[in-house]
Amino acid sequence: MSLPERQTDIGPPHYEKFLPPIVKKNYGKWAYHEVLTPGTMVHVAEGGDKLYTVRVGSPRILSTDTIREICDLAEKYCDGYLRFTTRNNVEFLLSDQKKVDPLLAELKAKKYSVGGIGPRISNIVHTQGWVHCHSACTDASGLVKAIMDELHDYFTTKALPNKVRLAVACCVNMCGAVHCSDIAVVAIHRKVPVIDDVNVGKMCEIPTTVASCPTSAIRPNPKTKSITINEEKCMYCGNCFTVCPPIEIHNPEQDGVAIVVGGKVGSLRTNPKFSKLAIPYIPNEPPRWPSTVAAIKNILDVYAANAKKHERVGEWIERVGWEDFFKLTGIPFTFQHIDDFTFMRDTMRNSAAFKY
Amino acid sequence: MGGKYKTPMLDELEKGPWPSFVTEIKKAAKRTQMADDELGQVEKSYVTKRGYWKHGGIVGVLGYGGGVIGRYSSLPDEFPGIAHFHTVRLNQPSGFFYTAEALRMIMDIWDKYGSGLTNMHGSTGDLVLLGTTTENLEPLFAEYSSRGWDLGGSGSAMRTPSCCVGQARCEWACIDTMNICNEVTQYYQDQLHRPSFPYKFKIKVAGCACDCVAAIARADLSIIGTWKDNIRIDQAEVKKYADAGMNIQAEIIDMCPTDCMSYDGKTMKINDVQCNRCMHCIAKMTKALKQGKVKGATLLVGSKAPIVVGSLLSWVVVPFIELKAPFDNLKDLADKMIEWWDDNAKPRERIGELIEVKGMRPFLEAIEMPPVPQQVREPRKDPFFFWSESDFN
């Protein structure tokens, strides 16, 4: 079998090859857009041209079969043009309004989830999990599926005070914007890693391993040609495991997930914010993580009932105060909530004014 | 093929209205042993609550040091189909636009060489092909690259830049995000394919402060569109929003962070000198309010996830820069940032962490930017500060 001649350093194909003619014509000349339904919007150009977008959810892991089916739909209704969003939704791009309803009907018949536009939940940004990652301490795809099943109405129909951006990270490396999401799940370890001295000596660079620890808990152990870990200093981040696999951080019965809330990336109204700890630990409960799903639903319900229109989760919490957040959600406040890592100076209260 | 494993745990995740990743793996498992063994291993993870993947090994294509992430099952005897299960990152086109024709070509080649599973897309932005063997990498790369598709970045390298949809379909994009993204991707091909940096370096381009690509949280260099002059108001359209039931006082005026707007029921006024360009009013009244016409970008640096000593959001370093193709001023600044970082950082140290260690001054001097108040929320609180010789002249 002869192969075509390879090329190097050509970079990605130029995006212009993939733009629908209406987009090429009106590039940089869009006047406004309107959200028509939770899954459709129209962008109107200065000259009056209208581009319709139909958004559907995706599990991000897609088989080639499903991608071909999406291509069939794009060819049937959109002259073959489509795009993906930064949150892994699929967007069908239509220049002919008459084709919008037939596309929606076919999507409904094929059981696609249409939605995610406007003040509601969009797709959950997430990581690889047990499907494909060595450092995962939960399964991201399974959590996403279970959460989105529970919150499905907030994707397809129901409105919220503002958009709510959810994320799931299967370890603290956080390959996704978990640290700045409205509500996010991050999987954590809670036990000091177990050191396989023989293999550490064989496989790892000791200085790199020592340097990998953010709390200086790791020291070289010349006797064993391995390392020791100061148990009082270890915060179970797993960075040593990343650089030195024989330092086993995984502990299936003690690993689990934390829930963080109140982050955002936009500068609208208030500055971008980090997510902060709401719940320090929920056990891993495959296949459907019922306690985690219920905890997220509770936070979302309390936000929906209490936030003003246009307030994001973090803006609502800052207005009412974290003491009210814990009271309204019924989430217990623990030692884990008080920062003893890098942000203590910023996060302790230095004022005699607060609520009960 | 397919059906080699009973998967009662994963079958639970085919129930419910949201599309199921399990159904996707099962579809691929009908055609490839890789996907079927993947299904079996993931089911095992659901029972034992742990993963079975080894750390990535060094695999790749000739002449490149990245773009492929080595992945091996730790149970190759039990799941031989995924003894090798490497990830291939294909560099996505800017803005994630595709034609059905192009996607079908990508899928046909992937079915020939891989598991039939993909991620559309990975967190950084690449089109991710999940699961192939070492011996398939060269032929797969020849097939893709000969058709105009290249690999993305991995390891201690320039990572695949990404951007929001920008001017292709958004009235708020102050800069041509897709063109900028494509230009910097092409400019940094060598650094993208041959890891030679202290650690990863990510670039993301957002058209406005809504930041739909999370540039401020996820990029070492965050490029965010903005403007300098006055917001343009269409009073007739303002009235239409009011007539349609919008409570302009509560939803717009009272939510303005700088208290620079007023509305008396007839006329909306903005004291533009006080406006901080947050985008709230424009985003909520897109027909009535438009950004000014002097457009450009704010450049921020340093954001990253928590490993190692805590998360960072990017810091403003260049409050305003005009960005016109071919964006030589941006490339020049990015080169200076990277050169300073490359000269000074320890291995696995991101640029934000290095700035924390060395201080903002040497970084700003390296990129030849003066100190300006827009860079800080507030000046320092302590009386300890450095003086250099140049300060006495």
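Below, read A as the first sequence line, B as the second, and so on, with proteins coming before strands; counting in each chain starts at 1.
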Between [atom1] on residue [X] and [atom2] on residue [Y], distance to nearest 0.5 Å:
X	Y	atom1	atom2	result
A/D139	B/Y46	CG	OH	3.5 Å
B/L130	A/H132	CG	NE2	5.0 Å
A/R83	B/F97	CZ	CZ	5.0 Å
B/E171	A/Y32	CD	OH	10.0 Å
A/Q254	B/K49	CD	NZ	10.0 Å
B/I25	A/L62	CD1	CG	11.0 Å

### Query
Is there a side chain to side chain contact (heavy atoms under 4.5 Å, CB included) between A/D9 and B/Y64 once you walk through the steps?
CA-CA 9 Å; A/D9 297 314; B/Y64 279 17; 3.8 Å; yes
Top residue by heavy-atom pair count (under 4.5 Å) with chain A, among [options]?
options	answer
B/A305, B/S311, B/P257, B/G51	B/S311
B/G310, B/P347, B/P306	B/P306
B/D176, B/V213, B/T160, B/N247	B/D176

Relative to chain A, which segment of [X] carries a heavy atom at a distance below 4.5 Å: side chain, backbone, both, or neither?
X	answer
B/L140	neither
B/K346	neither
B/C208	neither
B/T185	side chain
B/A168	both
B/R194	side chain
B/S162	neither
B/E38	side chain
B/N182	side chain
B/V165	both
B/K304	backbone
B/C281	neither
B/L13	both
B/V61	both

Which heavy atom of [X] sits nearest a heavy atom of [Y], and at what distance?
X	Y	answer
B/W53	A/W130	NE1-O, 2.8 Å
B/L103	A/F84	CD1-CE1, 4.2 Å
A/P12	B/Q186	O-NE2, 3.4 Å
B/K27	A/S63	CD-OG, 3.6 Å
B/D211	A/V265	O-CG2, 3.4 Å
B/T99	A/F18	N-CD2, 3.7 Å

### Task
Would you mind checking which part of A/M41 comes under 4.5 Å of any heavy atom in chain B, side chain (CB onward), backbone (N, CA, C, O), both or neither?
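Side chain of A/M41 only, per the 4.5 Å heavy-atom cut-off to chain B.
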### Task
Assess the side chains of A/Q7 and B/D150: does a donor N or O sit below 3.5 Å from an acceptor N or O?
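A/Q7 vs B/D150: no donor-acceptor pair found between side chains.
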### Query
Going by distance alone, is a donor N or O of one side chain under 3.5 Å from an acceptor N or O of the other, for B/T286 and A/H33?
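Checked: B/T286/A/H33 side chains show no N/O donor-acceptor pair below 3.5 Å.
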Between [X] and [Y], is there a donor-acceptor pair closer than 3.5 Å when you use the side chain of the first and the backbone of the second?
X	Y	answer
A/T64	B/M107	no
A/N88	B/H121	yes
B/R348	A/S212	no
A/N239	B/V308	no

Just wondering, do [Y] and [X] contact through their side chains at under 4.5 Å, heavy atoms?
X	Y	value
A/I61	B/T118	no
B/C210	A/L268	yes
A/V144	B/F21	no
A/K17	B/Y98	no
A/S267	B/M279	no
B/W18	A/I147	no
B/M255	A/K309	no
A/D149	B/K15	no

### Query
With a distance cut-off below 6.0 Å to the six-membered ring centre and an angular limit of 45° from the axis, does A/R6 pair with B/F141 as a cation-pi contact?
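The answer is no, since A/R6 fails at least one limit relative to B/F141.
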Surrounding [atom1] of [X] (heavy atoms of other residues, nucleotides or ligands, distance under 6.0 Å), is the total greater than 12?
X	atom1	result
B/E138	CD	yes
B/E101	CD	no
A/K110	NZ	yes

Do [X] and [Y] sit within salt-bridge range, that is, some charged N less than 4.0 Å from a carboxylate O?
X	Y	result
B/D254	A/R269	no
A/E91	B/R169	yes
B/E14	A/K145	no
B/R50	A/E248	yes

### Task
Check side chain to side chain donor-acceptor pair (under 3.5 Å) between B/S94 and all other residues, then give those that pass, not counting sequence neighbours.
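Not a single residue meets the side chain to side chain donor-acceptor pair (under 3.5 Å) criterion with B/S94.
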### Query
In terms of heavy-atom pairs under 4.5 Å with chain B, which of A/T86, A/T342, A/L82 leads?
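Looking at each of A/T86, A/T342, A/L82 in turn, A/L82 comes out on top.
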### salt bridge (charged side-chain N to carboxylate O under 4.0 Å, His left out) assessment of A/K308 paired with B/E251
CA-CA 9 Å; A/K308 286 190 205 169; B/E251 293 184 41; over 6 Å; no
### Message
Is the distance from the ring center of B/Y52 to that of A/H134 below 6.0 Å?
### Response
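Between A/H134 and B/Y52, which both carry aromatic rings, the centre distance is not below 6.0 Å.
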### Query
Can you list the steps and then say if B/N179 with A/Y15 is a side chain to side chain contact (heavy atoms under 4.5 Å, CB included)?
CA-CA 8 Å; B/N179 197 2; A/Y15 54 86; 3.2 Å; yes
### Task
Return the set of residues passing salt bridge (Lys or Arg N to Asp or Glu O under 4.0 Å) with B/D111 (not counting sequence neighbours), or none when no residue passes.
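In terms of salt bridge (Lys or Arg N to Asp or Glu O under 4.0 Å), with neighbours along the sequence ignored, B/D111 is linked to A/R68, B/R31.
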